Engineer: 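Would you mind keeping the following structure in view while I ask a few things?
Start at 1 with the first residue, then count along the sequence. Since the structure is predicted, the reported quantities are computational estimates derived from the model, not experimental observations. What's counted below: heavy atoms across the whole structure, side chains too, no hydrogens, waters or symmetry copies. Start at 1 and go down the list; that is how both ligands and their atoms are numbered.
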Amino acid sequence: MTGWSHHHVIDLSSFSLEDYREVLSLAHRFKSLPSSGTRKLPALQGRLVTTLFFEASTRTRSSFELAARSLSADVVNFTASGSSLRKGESVLDTALTYVAMGADVLVVRHSSTNVAAQLASELEKSGETTAILNGGDGLHSHPSQGLLDLYTLANYFNPLNPEPEALLGKKIAIIGDILHSRVARSNLWALTACGADVLLCGPPSLLPKEFENFVDAPPPGQELDPIKKRGRIHIERKLSEVLPYADAVMTLRLQKERMKENLLSTLDRYHNDYGITHQSLKLCQKSVPVLHPGPVNRGVEMSGELLADRSICLVEEQVKNGIPIRMALLYLIAAVEAKKANI
Ligand code: CP
């Protein structure tokens, strides 16, 4: 039986190595199973998953929906446009409305940090058992993306056994707009937990020096880091200082919508300094895989030619892996919890 202990999944800071192992192992099993049509898995039959997205999404919302349906859950999708938010209804009252309709899981995305955590806390105060899965909150956290990136890398390094140990001792370069990226933050927790060193690279305006200490202290309210020995985080400013050492490269979208001021002189200059292309990858000592969480600004953080090069670009693989990873999360949260409660 699983040792899973998370009722909500808000971020990855409290994940143990066993939690990562459980998610990756379940996702790997789900990935190898047919999960559509009449061959759906019955695990979440009679359960209701609601996607509550107050901010735009293509990948996360659709793959949570596909994941939930593959496990035979009922699914309701909320989108902010056209909802009663326009009449002044609050985020909390919107969430409570779906709880009243019977949601077992709310997958929540919001542009403000901590909205998922606040909803989880409010539901617990009201005695509600609905679980919150964070689909991305402001700059803070995007746990399902961190997990699918981890799985994609583990699967690349060890396709037969994509466990957390596949990352041990690897050097993963994360390039670009770290400051505004919840994906980078979730990857920092996940990759260092599995023993990878992370080489962060970007200009000071998008990568403040403090990121070097990112995983040194558990967040408020969490007393201990469950990981005994994490990988290290290094900061460099030039691609030539990270790419020669990298076992994999992850580049991030420039999050222009989250920039309070014009932090970049020109996009051309950024592409020249930090764009990942076949040319810049010549700095690597070997052939390395390239990841990007999407959506991609083609020709800015990554060239269109590289995005299309399936021999090294894992972006399509990341999208595909999003479904089994989200199935694993939904299964652990809704099916395992239901079994524990004898529902
Ligand atoms: N990577 C990611 O979160 O993509 P979406 O914004 O399309 O969900």
Engineer: Taking the six-membered ring of F64, is NZ or CZ of R326 closer than 6.0 Å to its centre and within 45° of its axis?
Structural biologist: yes
Engineer: Just by distance, with hydrogens left out, do H234 and D197 show a side-chain donor and acceptor under 3.5 Å apart?
Structural biologist: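 Side chains of H234 and D197: no pair found under 3.5 Å.
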Engineer: Any donor-acceptor pair under 3.5 Å linking the side-chain atoms of R61 with those of T51?
Structural biologist: no
Engineer: Tabulated below should be the N or O atoms of ligand 1 paired with protein N or O atoms at under 3.5 Å; can you produce that?
Structural biologist:
residue, atom, partner, partner atom, Å
ligand 1, 1 (N), Q145, OE1, 3.1
ligand 1, 1 (N), P293, O, 2.9
ligand 1, 1 (N), G294, O, 3.1
ligand 1, 3 (O), T60, OG1, 3.0
ligand 1, 3 (O), R109, NH2, 3.0
ligand 1, 3 (O), H142, NE2, 2.8
ligand 1, 4 (O), R59, NE, 3.1
ligand 1, 6 (O), R109, NH1, 2.9
ligand 1, 7 (O), T58, N, 2.8
ligand 1, 7 (O), R59, N, 2.9
ligand 1, 7 (O), R59, NE, 3.1
ligand 1, 7 (O), R59, NH2, 3.3
ligand 1, 8 (O), S57, OG, 2.7
ligand 1, 8 (O), T60, N, 2.9
ligand 1, 8 (O), T60, OG1, 2.7
ligand 1, 8 (O), R109, NH1, 3.4
ligand 1, 8 (O), R109, NH2, 3.3

Engineer: Should E55 and R182 count as an ion pair when the cut-off is N to O under 4.0 Å?
Structural biologist: yes
Engineer: In Å and rounded to the nearest 0.5 Å, what is the CG to OG distance from L44 to S70?
Structural biologist: 10.0 Å
Engineer: Look at atom OH of Y98 and say whether more than 12 heavy atoms of other residues, nucleotides or ligands are closer to it than 6.0 Å.
Structural biologist: yes
